[in-house]
Amino acid sequence: MLTDKDFLTKQKPSWCPGCGNFAIWIAMRQALAELNLDPHKVLVVYGVGCSGNDTNFIKTYAWHSLHGRAVPTAIGAKLANKDLTVIVMGGDGDGYGEGLGHFLHAIRGNVNVTYVVHDNKVYGLTTGQTAPTSDRGFKTKTTPQGTLDDAVNPIALSLAQGISFVARGFSGQAENLKHIFKAAIQHEGFALVDVFQPCVTFNKVNTFQWFFDKIYNLDEKKDYNKADFQAAMKEALVWGEKIPVGIFYQANKPEYISSLPQLKGMALAKRPMKVRDISKLLYEFK
Amino acid sequence: MQTRQNLSWKIGGEAGFGIKSAGMMLAKIFMKTGYETFDYTEYPSLIRGGHNSYQVMVDILEVNSVTKSVDILVALNKETIDLHRSELSANSIVIYDQDKIKNIRPEEHINFLPISLTELAKQAGGEVMRNVVALGATLAVLNQPRNIADQVIKENFKNKGEQVIKNNLQALASGYKEAKKIFHEDFICQLPLVKKNNNILVASNEALALGALANGLNFYAGYPMTPSSTILQYLAQVAEKTGIVVKHAEDEISVINMVLGAAHVGARAMTATSGGGFSLMTEAMGLAGITETPIVVVNCQRPGPATGLPTWTEQGDLQFVLRAAQGDFPRIIIAPGDTTESFHIGAEALNLAEIYQTPVIVLLDKFISEGSSTVPEFSTRGLKIRRGKLLSQEQLNRMSKFDRYRLNADGISGRSLPGMKNGLFIANSDEHDAYGYTEESAQNRLEQMDKRSQKLETFAKVMPQPQVHGNPKAKKTIVIWGSTKGPVLDAYRSLSAKKQSDLKILQLQYIWPLAKDFLEPTLKKSKKVLLIENNSNAQLGQLITQETGFVFKNKLLKYDGRPFFREELIKALSEL
């Protein structure tokens, strides 16, 4: 049996003490162990930011991407080797700022990739600037008077675009986070897990306590049906005194790879590579 | 009656008149008859309206360029005659639609042949077939048989149903008969009889795609951009039957990162774009460099900057792709000169990317990307898939410790693929150590930088040298790269034997690393050197000067969006 220790590297995490990333780091390793996924069968594609530094701390095959570009890289990898479990780890600036377009297009294709967004509502690695998920009025080095932009709502946005799995986790609830990760990885399709992970250094507003005071878990909500799109959209728009976490929505939707005839059978990258006979292809040029 | 060894035929009209399809059918008819052909099309970036033209060069010898002069002009509208009148050669023929074009100013050296293209097309089933009626008339004035043309019509419209084929055959026949009926002997412009051959008619884009397919390409992502789109469209069309993945992604940034992801896990991955799309890909080029991921990126150049002249031609991106992305990392740049070279480079680029674990950039341009020419049928004989230091599972099992970026004398280290046991590593966008962990020490930085740049030196020792055409001992040297090959060599072949023996032509196919040990002595020993480039600031010339110290005094540069026409090159070569 694998344990979370099988996914430790020889490097110690470099995050600030108390960083919300620690819980993601632990929960992900536990999820991979409990799903019995050997490190060599997993490819994690990281964005750039504090989340991306995780590259060095989880032992699997890893790709440290460009800022905002982790999602298309993961899709390319999964299309070429469908046997791999492909996970993306990125931040809110990475995924909802620089890479927002890729995120929406990834939902359209529904390639079987799990996308974990480390959402701390601030830019951490660049030392505290406003983020796409910062609430209106949030004061930072780049918005000294408070931001005039509304926050991106990744849950509602992805639902509107037709996502097949969307959840929100919280670093203050590592056990629940692990369950969500497992469900997302097992989901056949593109799955978003947005994780509130407080930045203890640069975000003095959205702290652990701030979240603890507001969150409620959809899994514990009576009669909540995660196959009900309307209910999911209603919860996705809840923000303020109360904030929902848990799995908002899960549905069966055609997955890209299983819809592509040429990807039936052996994974593309595993097929023997030999010089291809092109003689039949030349007919149309004769 | 005039007998000609070659012919320059052009059809013109508005976009939507079937200019391109008529040109392609005519080229195919002559190819099937056994002639050599080369096509060149001019069109604005519009779907309807605007002036379009399609030129087909027909020759009994190899042809890879166009002349400025036109021997037969097919005018579907008045504008065509106005715009191309000055190009018409002595004793040229203008086949025009007399139902649409009135009051033509006669001219001594031009034979105007009025045909009721509109009326005859309508009788055959629709005005849209004016182009096919004109094809029939063309064949008549050239005294060519109709049977091959009938066959081409049938193949061309085979997906449109019996009725469409029947109508087009009638349109062709009526144009043919009408021309025969009304012209007099002087109009006939006879081509010598030729023997049938095994040629195919293909443009460099499709040729490059076929070369890549032959050599194991299995992943392609792309985003449409003229003049690269036909690579994406061609591969999409054959994807299922060849078992490859072709993904039309949301933008070029996504495209290049998908290609990286696919290559990382072991696919043979490629993309193509034009300069604008390449601009969006630049950051990821550096990522390919530092992660040592094998990818092939094709840039089908068009005149920039920005949107520039979207449907015209230029060799303006060499210096751009040479430096694209921040920082120093190795890259290989190759510029095929024609269709056959595009096929072979399409195959070889995939090998080189894997052997040297670095991005390979292939430069084409609109002139050859979209210009079809007749070439001997491509053969996979001699092709070989070489994957360099890609490790097998057995090799990994035998290793006590695997380090993906281990230092090596040749700069190239063993490569595992995600999914393999005992092969874990991090492909890291940050500077990294031998395993791939982020590592910022000065010593590690130097070691990994030197390791990566060593790969290019390793390649430079074995890379193909520039090709020498003409007389290798000649003291006058012409320097060219990419698509100017066809026009320059065609012009060269038109020179007298004496003049030919005075010239050698150096064609650079492998541009980076630069073959400086070859170029420096060759250029310095030459009495006279002429640099010919289809750009404004002599981009290859700058590179050669930078690397060898040789300064080009004679330069023929063209940057009006047009390719070099044969006449201007004959003049330049004669005067050297």
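Just so it is clear: chains get the letters A, B, ... in the order the sequence lines come, proteins before strands, and each one is counted from 1.
- Annotation: maximal heavy-atom pairing with chain B below 4.5 Å, among A:Gly99, A:Ala77, A:Ser65, A:Ala267, occurs at A:Ala77.
- The residue among B:Leu213, B:Val245, B:Asn215 with the most heavy atom pairs within less than 4.5 Å of chain A is B:Leu213.
- Residue contact with chain B, scored on non-hydrogen atoms closer than 4.5 Å, is absent for A:Asp83.
- A salt bridge is absent between B:Arg415 and B:Glu292; no separation between the charged side-chain nitrogens and carboxylate oxygens falls under 4.0 Å.
- Neither the backbone nor the side chain of A:Lys270 comes within contact range of chain B, judged by heavy atoms closer than 4.5 Å.
- Heavy atoms of A:Arg271 lying under 4.5 Å from chain B belong exclusively to its side chain.
- Aromatic rings of A:Phe103 and A:Tyr96 (six-membered ring for Trp) have centroids within the 6.0 Å cut-off, being under it.
- Under a 3.5 Å cut-off, the side chain of B:Asn351 and the backbone N or O of B:Lys384 do form a donor-acceptor pair.
- For a residue to count as touching a neighbouring chain, one of its non-hydrogen atoms must lie under 4.5 Å from one of that chain's; by this rule A:Tyr46 does not touch chain B.
- At most 12 heavy atoms of other shown residues, nucleotides or ligands fall within 6.0 angstrom of atom NZ in B:Lys241.
- Checking side-chain atoms of B:Lys196 against main-chain N and O of B:Lys32 turns up a donor-acceptor pair under 3.5 Å.
- In this structure, the portions of B:Thr242 lying under 4.5 Å from any heavy atom of chain A include both its backbone and its side chain.
- If you tally non-hydrogen atom pairs under 4.5 Å between each of B:Ile426, B:Asn422, B:Leu383 and chain A, the highest count goes to B:Ile426.
- Both the backbone and the side chain of B:Ala239 come within contact range of chain A, judged by heavy atoms closer than 4.5 Å.
- The parts of B:Ala284 that come within reach of chain A are both its backbone and its side chain, each placing non-hydrogen atoms under 4.5 angstrom from that chain.
- Ring geometry for A:Phe165 versus A:His187: interplanar angle of 30 to 60°, hence tilted.
- Note: B:Glu440 CD to B:Glu431 CD = 9.5 Å, rounded to the nearest 0.5 Å.
- Both the backbone and the side chain of A:Leu66 come within contact range of chain B, with heavy atoms under 4.5 Å apart.
- When the candidates A:Ile278, A:Val71, A:Val45 are compared by the number of heavy-atom contacts under 4.5 Å with chain B, A:Ile278 comes out ahead.
- Here the side chain of A:Asp4 pairs no donor or acceptor atom with the backbone of A:Arg29 at under 3.5 angstrom.
- With respect to chain B, the highest number of heavy-atom pairs below 4.5 Å among A:Val44, A:Val86, A:Thr55, A:Ile75 belongs to A:Thr55.
- When each of B:Gly243, B:Ala269, B:Gly419 is checked for heavy-atom pairs under 4.5 Å with chain A, B:Gly419 comes out on top.
- For A:Leu281, the parts lying under 4.5 angstrom from a heavy atom of chain B are both the backbone and the side chain.
- In summary, the side chains of B:Ser441 and B:Glu439 do present a donor paired with an acceptor at a separation below 3.5 Å, with no hydrogens or angles considered.
- Looking at B:Asn198, neither its backbone nor its side chain comes within 4.5 Å of chain A, counting heavy atoms on both sides.
- Only the side chain of B:Val238 comes within contact range of chain A, judged by heavy atoms closer than 4.5 Å.
- Contact of B:Ala267 with chain A is made through backbone and side chain together, with heavy-atom distances under 4.5 Å.
- The backbone N or O of A:Phe57 lies less than 3.5 Å from no partner atom in the side chain of A:Asp54, so there is not a single donor-acceptor pair.
- Of the possible polar contacts, one joining the A:Thr3 side chain to the A:Lys5 backbone as a donor-acceptor pair under 3.5 Å is found.
- Classification of the B:His432-B:Tyr405 ring pair by plane angle, with boundaries at 30° and 60°, yields tilted.
- Residues B:Thr291 and B:Phe329 fail the side-chain proximity criterion, which asks for heavy atoms closer than 4.5 Å.
- Per-residue heavy-atom pair counts under 4.5 Å with chain A were compared for B:Asp430, B:Leu424, B:Ile200, and the maximum is reached by B:Leu424.
- Only the side chain of B:Met31 comes within less than 4.5 Å of a heavy atom of chain A; its backbone N, CA, C and O stay farther away.
- Side chains of A:Asp277 and A:Ser279: a donor on one and an acceptor on the other come within 3.5 Å.
- Both the backbone and the side chain of B:Ile244 come within less than 4.5 Å of a heavy atom of chain A.
- Both the backbone and the side chain of A:Leu268 come within contact range of chain B, judged by heavy atoms closer than 4.5 Å.
- Within the 4.5 Å cutoff, the side chain of A:Asn53 has no heavy atoms near those of the A:Asn21 side chain.
- The part of A:Thr60 that comes within reach of chain B is its backbone (N, CA, C, O), which places non-hydrogen atoms under 4.5 angstrom from that chain.
- A salt bridge does not link A:Lys82 with A:Glu255: every distance from a Lys NZ or Arg NE/NH1/NH2 to an Asp or Glu carboxylate oxygen is 4.0 Å or more.
- Of the residues considered (B:Val255, B:Asn199, B:Leu417), B:Leu417 shows the highest number of contacts with chain A, using heavy-atom pairs under 4.5 Å.
- Residue B:Thr438 touches chain A through both its backbone and its side chain, counting heavy-atom pairs closer than 4.5 Å.
- The choice from A:Gly52, A:Pro72, A:Ala80 that makes the most heavy-atom pairs within less than 4.5 Å of chain B is A:Pro72.
- For the options A:Val48, A:Leu263, A:Leu104, A:Thr9, heavy-atom pairs under 4.5 Å to chain B are most numerous at A:Thr9.
- Between chain B and the residues A:Leu84, A:Leu43, A:Leu260, A:Asn81, the most heavy-atom pairs under 4.5 angstrom are made by A:Leu84.
- In this structure, the ring of A:His105 has its center no less than 6.0 angstrom from the ring center of A:Phe190.
- At a 4.5 Å heavy-atom cutoff, the contact between B:Arg268 and chain A is made by backbone and side-chain atoms alike.
- Counting heavy-atom pairs closer than 4.5 Å to chain A, the top residue among B:Ala262, B:Gly436, B:Gly266 is B:Ala262.
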